[in-house]
Amino acid sequence: MTNKLVFFGGGNMAEAIFSKLKNNPAFKIEIIQNNNERAQELSHNYPEFQIWQTLDSTLDKNDILIIAVKPQHAKEAINAIKEKIKDCIIISVMAGIPSQTIINWTGNERVIRTMPNTPASLGLGATAIYCPELVTDQEKAIIYSIFEAIGIIYPAKDESFVDKVLPVTSSTVAFIYYFIEGFINHAVEKYGFTATDARNLVNQTVMGSSAMITSNPNIAIEELRARVTSKKGTTEQGILTFETNGLHDIIAQAMDNCYNRALEMAKEFN
Ligand SMILES: NC(=O)C1=CN([C@@H]2O[C@H](COP(=O)(O)OP(=O)(O)OC[C@H]3O[C@@H](n4cnc5c(N)ncnc54)[C@H](OP(=O)(O)O)[C@@H]3O)[C@@H](O)[C@H]2O)C=CC1
Ligand SMILES: O=C(O)[C@@H]1CCC=N1
């Protein structure tokens, strides 16, 4: 069976998902993108999808709407289409907006909260999904299949975990880039590597380190680290610098501020 999958907002996160679904026969994809320039770019890059600037038709019970607009635009954007999305399945990828708020805006109770991340475009995504009880097992299987097609899923036991994964998976993509930028910039500025060489070397190291974790599920990450850290060697001095300056405390603070912002957004954009 083919399901109609309509993306409301065709920006970065939506594209990370639909780019990976484009050859998937299970879904007939349509994109609502109000910005004309972006709509044209999407039409050019994805001739297999239908691109609209507004939602003209009413969605049916089995159709799926993925809401992928920014949280601050959501209320107004959804209000403009609410009469057409009363019966469909609604999946939100928006940070911070609780499902009850979306129910209040739409009058539709079949609202699923998810939190994906951009590596979805490579099939390497990680998506937390919270389905309320009124979603049937059959519907749940379809919803899970969308996100399984773009990576791993984490079925959240309650909705709070959709916000709690923000500093674990979704925002973390940017946190990791920020960390990587630090290594690259200093390699260029202090040690004279070209920007390209530094990028390639650091990136290969990040990929290799990550692959070591994946290939050694029974070895603690601390142990993998210990195998690099020779007593009185070079790595030890670097780790000591991180420890002395409380890097793990800084990471914890960044995670808490990220999560707290989601809670704040729930109040700000209701
Ligand atoms: N980026 C990420 O890594 C992640 C994002 N998210 C969530 O995904 C959502 C989208 O984020 P992101 O993709 O980064 O943001 P973008 O700004 O890239 O995407 C939003 C898109 O929606 C369009 N849009 C706005 N209003 C309407 C409307 N009324 N009708 C149709 N299209 C509209 C915007 O057009 P225009 O440019 O003209 O405003 C834009 O193209 C957010 O809610 C965010 O919380 C979740 C996980 C990760
Ligand atoms: O920064 C944001 O709000 C979005 C949600 C997770 C990643 N980007």
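Counting starts at 1 for both ligands and their atoms, following the listed order. We're numbering straight along the sequence, starting at 1.
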Can a protein heavy atom be found under 4.0 Å away from atom 4 (C) of ligand 2?
no

Kindly compute the distance separating CG (Asp63) from CG (Asp87), expressed to the nearest 0.5 Å.
9.5 Å

Measure Leu166 to ligand 2 on non-hydrogen atoms and call it side chain, backbone, both or neither using the 4.0 Å cut-off.
side chain

Nearest-contact summary for atom 44 (C) of ligand 1 - protein heavy atom, Å
Ala95 N, 4.1 Å

For Ile32, atoms of ligand 1 separated by under 4.0 Å from a heavy atom
31 (C), 32 (N)

Students should be able to answer this: which protein heavy-atom is nearest to atom 42 (C) of ligand 1, and at what distance?
Val69 O, 3.3 Å

Quick check on atom 24 (N) of ligand 1 - does any protein heavy atom sit closer than 4.0 Å to it?
yes

To the nearest 0.5 angstrom, please state how far the CD1 atom of Ile32 sits from the CD1 atom of Ile81.
7.5 Å

Side chain proximity check, Leu134 to Arg110, heavy atoms < 4.5 angstrom:
yes

Does the pair Lys86/Glu109 count as a salt bridge with the N-to-O cut at 4.0 Å?
no

Atom 18 (O) of ligand 1 [closest protein heavy-atom partner, distance rounded to 0.1 Å]:
Asn12 N, 2.9 Å

Nearest-contact summary for atom 29 (N) of ligand 1 - protein heavy atom, Å
Ala77 CB, 3.4 Å

Is it true that Tyr46 and Phe18 have ring centroids separated by less than 6.0 Å?
yes

Show the numbers, then the answer: is there a side-chain contact (heavy atoms from CB on, under 4.5 Å) between Ile64 and Lys4?
CA-CA 6 Å; Ile64 301 170; Lys4 183 157 141 181; over 6 Å; no

Salt bridge or not between Arg199 and Glu181? Use side-chain N to carboxylate O under 4.0 Å.
no

Ranked by distance from atom 3 (O) of ligand 1, the top protein heavy atom is Thr118 CG2, 3.4 Å

Side chain, backbone, both or neither: Met115 near ligand 1, heavy atoms under 4.0 Å
side chain

Answer yes if the ring centres of Phe179 and Phe183 are under 6.0 angstrom apart, and no otherwise.
yes

Check: of Val93, Thr114, Leu166, min heavy-atom distance to atom 6 (N) of ligand 1 comes from Val93

Quick note on ligand 2: atoms under 4.0 Å from a heavy atom of Ala95 include exactly 5 (C)

State the CZ-CD1 distance between Phe8 and Ile78, to the nearest 0.5 angstrom.
6.5 Å

Output for pair (Ile143 CD1, Thr136 OG1), nearest 0.5 Å, gives 7.5 Å

Atom 17 (O) of ligand 1: closest protein heavy atom, distance to 0.1 Å, is Lys70 CE, 3.4 Å

Side chains of Thr229 and Arg225: closer than 4.5 Å at any heavy-atom pair?
yes

Among all the protein's non-hydrogen atoms, which is closest to atom 33 (C) of ligand 1, and how far away is it?
Asn34 OD1, 3.2 Å

Relative to ligand 1, is Ala68 under 4.0 angstrom through side chain, backbone, both or neither, heavy atoms considered?
backbone

Could you list the atoms of ligand 2 found under 4.0 angstrom from a heavy atom of Ser170?
6 (C)

Nearest protein heavy-atom contact for atom 8 (N) of ligand 2: which residue, which atom, what distance?
Ser171 OG, 4.7 Å

Closest non-hydrogen atom pair between Ile85 and Leu65, with its separation:
CG2-CD2, 3.8 Å

Return the residue, atom name and 0.1 Å-rounded distance of the protein heavy atom closest to atom 37 (O) of ligand 1.
Asn35 ND2, 3.9 Å

Please determine if Met94 has a nitrogen or oxygen closer than 3.5 Å to a nitrogen or oxygen of ligand 1.
no

